[in-house]
Amino acid sequence: MAENYDYDVLIIGAGPGGYVAAIRAAQLGLKTACVESRATLGGTCLNVGCIPSKALLHGSELFDEASNGHFATWGITATPTLDLGKMMAEKTKAVGELTGGIEFLFKKNKVTWLKGHAAFEDAHTVNVAGEKVTAKDIVIATGSSVTPLPGVTVDNAGKRIVDSTGALDLDEVPEHLVVIGGGVIGLELGSVWRRLGAKVTVVEFLDQLLPGMDGDVRKEAQKVFKKQGMAMMLGHKVTGASVAGKTVTLTIEKSAGGDAQTLEASHVLVAIGRRPNTDGLALDKAGLSTNARGQIEIDHDFRTSVPNIWGIGDVVPGPMLAHKAEDEGIAVAENIAGLTGIVNHDVIPSVVYTAPEIAGVGITEEQAKERGLNVKVGKFPMMANSRAKANRDTEGFVKVIADAETDRVLGVWIIASLAGSMIAEACVAMEFGATAEDIAYTCHAHPTHAEALKEAAMAVTGKPIHM
Ligand code: FAD
Ligand code: NAI
């Protein structure tokens with residue numbers, strides 16, 4: 001135990017990065033405290049992110065399946081009615097169970113929860129609700145919040161122009177929801193409200209949805225969402241918004257500039273990205289600053305420029321994903337305890353939980369070209385996968401990108417009903433340095449969606465069986 005400090009480790013923020021770091025540090029025998037200003041633990045992910053969005057995606061998908069003809073395909077007649085209050089209550093229950101679960105784990109592992117906002121006084125001292133707390137090592141895990149859009153003021157309480165937090169808590173199904181930003185949040189929450197009956201229009205600055213994902217997957221996603229009835233205004237930007245009663249009037253122009261047009265909506269969701277949370281932390285008092293993107297820079301071991309201060313999760317560079325934050329939480333605690341904590345940032349999967357799901361890990365075909373890599377690509381359509389065919393959910397494909405000389409798998413991209421679960425196999429394979437042939441010669445249970453990954457790996461050498 002640190003002799004001159006209140007704690008061995010103090011973690012600021014109890015999101016997936018911070019709470020996991022706290023639990024691991026305590027498991028390793030360090031006297032640990034975690035500061036959280038929110039009324040419940042779990043951060044963005046458990047309170048207003050991953051968990052409530054997935055709960056509503058699940059509930060809305062059940063409603064959609066009953067209403068859109070999927071039930072009828074199987075001879076099941078149903079005329080569903082929606083009790084939105086009940087759906088929201090079920091979401092709230094899931095959130096409460098999970099945030100309460102973290103509180104239980106803190107108690108079980110003897111992690112002290114310091115309630116309040118933390119601000120640095122020096123590199124070893126933090127002020128929490130007027131009290132000075134000292135620690136030998138401090139981990140910044142303060143996460144991120146919504147990037148504001150100039151001219152479009154979010155008012156979650158007013159429930160007309162909302163961010164993701166407001167869109168998870170509407171008390172009526174929008175007549176016309178305009179989503180600004182065709183990224184992950186826009187497509188997930190746009191899908192929720194479309195399934196429940198809203199007309200949805202996505203306004204996206206770029207010419208394609210889902211920046212950062214593989215080009216083939218982006219093209220397919222656009223087709224799929226259009227077919228589901230989402231209207232798309234690609235290559236457009238919103239320049240202003242005004243609210244009058246129940247109507248929001250947006251001014252929109254082409255991204256490259258041009259004549260403005262107006263678009264009326266009953267509700268608007270602003271989802272143009274997130275930015276790191278460092279306001280009010282008094283980083284300068286600890287000798288720290290942020291980079292041009294507002295992030296706290298760290299080295300390979302998650303250490304900042306001040307040796308006893310560390311950073312993890314959304315507040316540091318890298319994808320803003322819960323599982324990335326969690327893995328960094330484990331690694332940073334292990335490094336602080338004198339062990340070797342490592343995260344392989346080349347193998348961080350990303351999943352969009354729409355229907356079908358969209359998932360990827362590693363590099364895209366475009367990145368391979370940019371880097372001058374010589375690659376082979378194998379693709380296999382879900383249409384030729386027997387389980388997808390049996391389930392009547394044949395949209396999408398699996399794409400494997402492998403090094404042309406060594407056959408080592410460099411990236412896997414999937415659009416399929418179960419893509420989010422299927423991508424885990426690709427992660428394990430890549431973590432072990434597998435070749436496409438390794439996946440192709442691994443026995444996969446039949447009939448499963450996972451066989452499509454095996455066949456895409458076979459397709460890398462041009463020899464899938466079922467195509
Ligand atoms: P956070 O979860 O943001 O937690 C940081 C915590 O620190 C917060 O609770 C905050 O209150 C607290 N805090 C900040 N400053 C201080 C301070 N000075 N003092 C005290 N406390 C402070 N990711 C996925 O991987 N899968 C998903 O399905 C997914 N869905 C999402 C859906 C939505 C709608 C949103 C918004 C995000 C989603 N994400 C998802 C992203 C995911 O939520 C984040 O990547 C993840 O929460 C980051 O974890 P973190 O620990 O870095 O920060
Ligand atoms: P995003 O970065 O995924 O998408 C934002 C989109 O908005 C981009 O397509 C961008 O081109 C567009 N855009 C930017 N400015 C614009 C403008 N002025 N007008 C129109 N379009 C504009 O960000 P998003 O969806 O807000 O999500 C934030 C973060 O949360 C992401 O980094 C993501 O990793 C995380 N997240 C992860 C989820 C998951 O893993 N399933 C779910 C939800 C969020």
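For ligands, and for the atoms within them, numbers begin at 1 and follow the listed sequence.
Looking at ligand 2, you won't find any N or O of Leu210 less than 3.5 Å from one of its N or O atoms. Not a single N or O atom of Lys237, backbone or side chain, sits closer than 3.5 Å to an N or O atom of ligand 2.
The protein atom (non-hydrogen) at minimum distance from atom 7 (O) of ligand 2 is Gly181 CA, 3.3 Å. If you check which protein heavy atom lies closest to atom 31 (C) of ligand 2, you get Met320 O, 4.5 Å. For atom 12 (C) of ligand 2, the closest non-hydrogen atom on the protein side is Glu204 OE1, 3.2 Å. Considering only non-hydrogen protein atoms, atom 12 (C) of ligand 1 sits nearest to Glu36 OE1, 3.2 Å. With respect to atom 16 (C) of ligand 1, the closest heavy atom belonging to the protein is Thr142 CG2, 3.8 Å.
Numbered from 1 in the order shown, with element, the atoms of ligand 1 that lie under 4.0 Å from a heavy atom of Ala141 read 5 (C), 7 (O). Close approach to Val203 involves these atoms of ligand 2, each under 4.0 Å from a residue heavy atom: 20 (C), 21 (N). If you number the atoms of ligand 1 from 1 as listed, the ones under 4.0 Å from a heavy atom of Tyr353 come out as 28 (O). For ligand 2, the atoms closer than 4.0 angstrom to any heavy atom of Leu321 are 34 (O), 37 (C), 40 (O). The contact set between ligand 2 and Arg274, taken as ligand atoms under 4.0 Å from a residue heavy atom, comprises 28 (C), 29 (C), 30 (O). The distance from ligand 1 to the heavy atoms of Cys45 drops below 4.0 Å at these ligand atoms: 2 (O), 43 (O), 47 (O). Close approach of ligand 1 to Val48 (heavy-atom distance below 4.0 Å) involves ligand atoms 34 (C). If you number the atoms of ligand 2 from 1 as listed, the ones under 4.0 Å from a heavy atom of Tyr353 come out as 41 (N).
Within the 4.0 Å heavy-atom criterion, neither part of Asn47 lies near ligand 1. The part of Ile180 lying near ligand 2 is the side chain, judged by heavy-atom distances below 4.0 Å.
Ligand 1 lies within reach of Lys54, whose nearest heavy atom is under 4.0 Å from it. In this structure, Arg274 is part of the shell of residues with a heavy atom less than 4.0 angstrom from ligand 1. Ligand 2 lies nowhere less than 4.0 angstrom from a heavy atom belonging to Ser350. Heavy atoms of Ser145 stay at 4.0 angstrom or farther from ligand 1.
In this comparison of Ile358, Val184, Leu149, the heavy atom closest to atom 37 (C) of ligand 2 sits on Val184. Considering only non-hydrogen atoms, atom 26 (O) of ligand 2 lies nearest to Gly273 out of Gly212, Ser255, Gly273.
No hydrogens or angles considered: a donor-acceptor pair under 3.5 Å links the side chains of Thr251 and Thr239. Side-chain atoms of Thr99 and Asn47 form no donor-acceptor pair, as typed in the model, at a separation below 3.5 Å.
The environment of His58 atom NE2 is sparse: at most 12 non-hydrogen atoms of other residues, nucleotides or ligands sit within 6.0 angstrom.
Under the 6.0 Å distance and 45° angle rule, Lys379 counts as a cation-pi partner of Phe397.
A salt bridge does not link Lys132 to Asp6: none of the charged side-chain nitrogens sits closer than 4.0 Å to a carboxylate oxygen.
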